[in-house]
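Chain letters run A, B, ... following the sequence lines, proteins first, then strands; residues in each count from 1.
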2 protein chains.
Amino acid sequence: MVLTIGKTLSLRLTSIHSPDPQIENAHSKAYNHLDQKICQGCASKHVSLCNVMDNDDLNILSRLSSNIHKKAKQIICTEGDNAKYLYNIRSGAVRISKMLPDGRRQITGFLFTGDFFGLSCGAQHSYTAEAITPVEICRFPRKKIIELFQEFPNLNERVFDMTRTELNSTHAQMLLLGRKTAKEKLCSFLLTMRKKTSLLAKKSKDEIGLPMNRSDIADYLGLTIETVSRQFTNLNKLGLIKLDGADKVSLKNIERLSIMAEGGRILSRKAYKTP
Amino acid sequence: MVLTIGKTLSLRLTSIHSPDPQIENAHSKAYNHLDQKICQGCASKHVSLCNVMDNDDLNILSRLSSNIHKKAKQIICTEGDNAKYLYNIRSGAVRISKMLPDGRRQITGFLFTGDFFGLSCGAQHSYTAEAITPVEICRFPRKKIIELFQEFPNLNERVFDMTRTELNSTHAQMLLLGRKTAKEKLCSFLLTMRKKTSLLAKKSKDEIGLPMNRSDIADYLGLTIETVSRQFTNLNKLGLIKLDGADKVSLKNIERLSIMAEGGRILSRKAYKTP
DNA sequence: CGCTTATTTGAGAGAAGTCAAGTACGGTGG
DNA sequence: CCACCGTACTTGACTTCTCTCAAATAAGCG
């Protein structure tokens with residue numbers, strides 16, 4: 001299968017990495033600007049970058065933004081595209097990924113309601129963003145938003161804070177990718193997903209839904225789908241999780257999962273060779 | 001060997017990870033604030049966050065900052081410490097790392113003249129920073145710097161830009177850690193170091209010095225020292241680099257190194273199984 | 001010069017990858 | 001409602017890349 005993505009990149013992909021060829025943006029709808037009521041009633045208002053704006057100022061934002069819908073598997077922006085927009089997720093889930101020329105893929109993050117992307121790059125996007133569920137997105141012109149920073153220092157601060165938080169979590173993910181075993185990676189992933197789910201639900205939930213498939217999880221953790229699957233099976237057999245289908249997991253022992261996410265018993269490795 | 005780092009963490013480490021027990025900060029000197037002339041004549045002025053300040057405003061910065069010296073292997077701040085300061089490197093090289101409870105370490109970045117750190121975390125530092133060469137550092141109270149953002153939007157913008165650039169490069173590093181082979185990792189690393197060296201020297205240099213040792217490189221690339229060493233030997237035998245001692249490398253074929261850093265010939269992997 | 005520490009090299013082991021086959025699941029249409 | 005199909009997931013057998021352990025060599029320093 002040969003895909004032409006955007007106008008710049010032509011890649012050969014395995015069926016695993018992009019199973020569905022209908023990834024053009026043809027069917028996405030965009031309105032010139034959001035109905036003001038859409039902002040007022042926005043479910044993501046309190047977790048997104050908008051949460052520092054009062055209802056009046058929200059109207060200024062809404063006039064700048066377009067409301068975009070994407071189906072699952074549709075591309076929102078592509079590595080190499082001109083980066084004109086900032087995207088804010090109102091609902092749904094998005095994956096952010098980078099690729100090597102031969103098709104190997106690294107997912108650098110999963111984004112959910114309230115998350116934004118499109119600001120960290122320079123003139124061109126340095127990653128691809130794709131919907132993994134149907135998504136609603138607010139799209140802002142980058143330039144305009146950056147201009148607004150002058151007028152609304154709160155907004156600037158909020159976006160900066162969120163960027164710093166993201167930088168922080170990428171550091172944790174680098175530790176995972178560089179130094180954790182497959183089992184530790186999966187435990188960490190499940191706990192991260194739990195935290196995100198709880199944050200959005202505003203309560204702690206040990207039953208989590210996984211909108212992404214095994215291939216996405218593998219590419220997020222630097223593993224293969226087979227290894228991910230085997231580790232799910234292991235944790236299931238150990239009774240640490242209970243699988244209900246492939247995309248619903250309940251975490252049965254948070255404490256043990258947390259310990260395993262950091263290397264099991266602390267006294268386990270070469271660190272124990274005290275001279 | 002048992003080390004007590006800072007006041008909060010007690011870790012067991014192999015000799016590889018922290019060979020020198022004399023890592024307390026006792027010998028570091030700090031002046032209450034910088035002599036204004038120090039800022040004016042600062043070698044890092046044009047590449048650091050200060051480069052948006054004119055000479056008068058620089059004095060405001062200099063009154064806030066302390067000038068700190070550290071010897072190689074001394075710790076600047078430790079994961080878990082209260083994050084009171086922002087650090088700006090005037091000269092020398094610093095490694096930023098995170099650790100698992102059993103001592104496995106991931107170096108998330110090497111920082112050089114003009115780079116800053118200490119802002120991306122919340123109340124506590126989420127990583128450890130150590131000098132790998134003797135370093136001179138400007139230390140600013142975080143609070144004060146953030147207050148200055150109001151008065152100097154340029155400074156805010158500059159710091160934000162640098163943070164975004166860093167976020168961008170962590171994404172590239174995640175692709176490296178999750179999806180590249182040992183050979184590709186080392187090629188990528190050498191090219192990154194070349195870019196940084198060239199940036200500071202303001203000209204392209206194919207001879208690069210490596211201030212970090214093999215253990216640092218290994219922990220940066222998610223490998224072991226043995227694998228790093230073997231890959232150096234390989235590239236040397238292939239004539240792509242020339243080793244002059246362990247810490248001086250000249251890159252003999254940038255183009256081939258660049259290709260190898262991304263997976264060799266593009267037509268190499270499973271991506272070629274066109275259905 | 002002799003000691004310590006860092007790096008390189010070699011041989012063998014193991015965790016995760018690859019390839020291949022089987023199973024479960026969800027949607028569609030008779 | 002059930003049979004069929006395609007996709008996603010799981011499981012098994014085998015391979016391989018990197019790690020581990022061990023020893024040799026090189027480099028740095030008092």
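If you measure from atom NZ of A:K73 to atom P of D:dG6, you get 15 Å, rounded to the nearest angstrom. Taking atom CD1 of residue A:I217 and atom C1' of nucleotide D:dC9, one finds them 11 Å apart after rounding to whole Å. Taking atom CE on B:M212 and atom P on C:dA6, their separation rounds to 16 Å, with Å as the unit. Rounded to an integer number of Å, the gap from B:K180 NZ to C:dA16 P is 22 Å. Atom CZ of A:R230 and atom C1' of C:dG22 are 13 Å apart (whole Å). Protein atom CG of B:D219 is 15 Å distant from nucleotide atom C1' of C:dT7, rounded to whole Å. Protein atom CZ of B:F232 is 16 Å distant from nucleotide atom P of D:dT18, rounded to whole Å. The distance from atom CZ of B:R179 to atom P of D:dT18 is 13 Å, rounded to the nearest whole Å.
For A:E226 against D:dC9, no side-chain N or O and base N or O form a donor-acceptor pair under 3.5 Å.
Annotation for A:T128 and A:E79: closest pair OG1-N, 3.1 Å, computed over non-hydrogen atoms. Listed here is the closest heavy atom pair of B:L175 and A:K98: CD1-O, 4.0 Å.
Applying a 4.0 Å cut-off to non-hydrogen atoms, none of the residues of residues 233-250 of chain B approaches DNA chain D.
Distances from the side chain of B:N213 to the nucleotides C:dA6, D:dG12, C:dA16 place C:dA6 closest. Each of D:dT18, D:dG12, C:dA16 was ranked by its minimum atom distance to the side chain of B:L223; first place goes to D:dT18. Proximity note for A:S229 (side chain, C-beta onward) versus D:dC19, D:dT10, C:dG17: the nearest is D:dT10.
Inspection of the B:D206 and B:S250 side chains reveals no N or O donor paired with an N or O acceptor under 3.5 Å.
Every ring pair (Phe, Tyr, Trp, His ring centres under 6.0 Å) that B:Y127 has, sequence neighbours left out, goes to A:H171. Scanning for ring pair (Phe, Tyr, Trp, His ring centres under 6.0 Å) contacts around A:F112 gives an empty result, with sequence neighbours left out.
Applying the 4.0 Å criterion to OP1 and OP2 of C:dA16, one finds that A:T224 has every side-chain N and O outside that range. Checking the phosphate oxygens (OP1, OP2) of C:dT8, a side-chain nitrogen or oxygen of B:R214 falls inside 4.0 Å.
For the pair B:T227 and A:Q231, both in contact range of DNA chain C, the more 5′-proximal nearest nucleotide belongs to B:T227.
Aromatic ring pairs are classed by plane angle as parallel below 30°, tilted from 30° to 60° and perpendicular above 60°; the pair A:Y220 and A:F189 is perpendicular.
A salt bridge does not link A:E207 with A:R194: none of the charged nitrogens is closer than 4.0 Å to a carboxylate oxygen.
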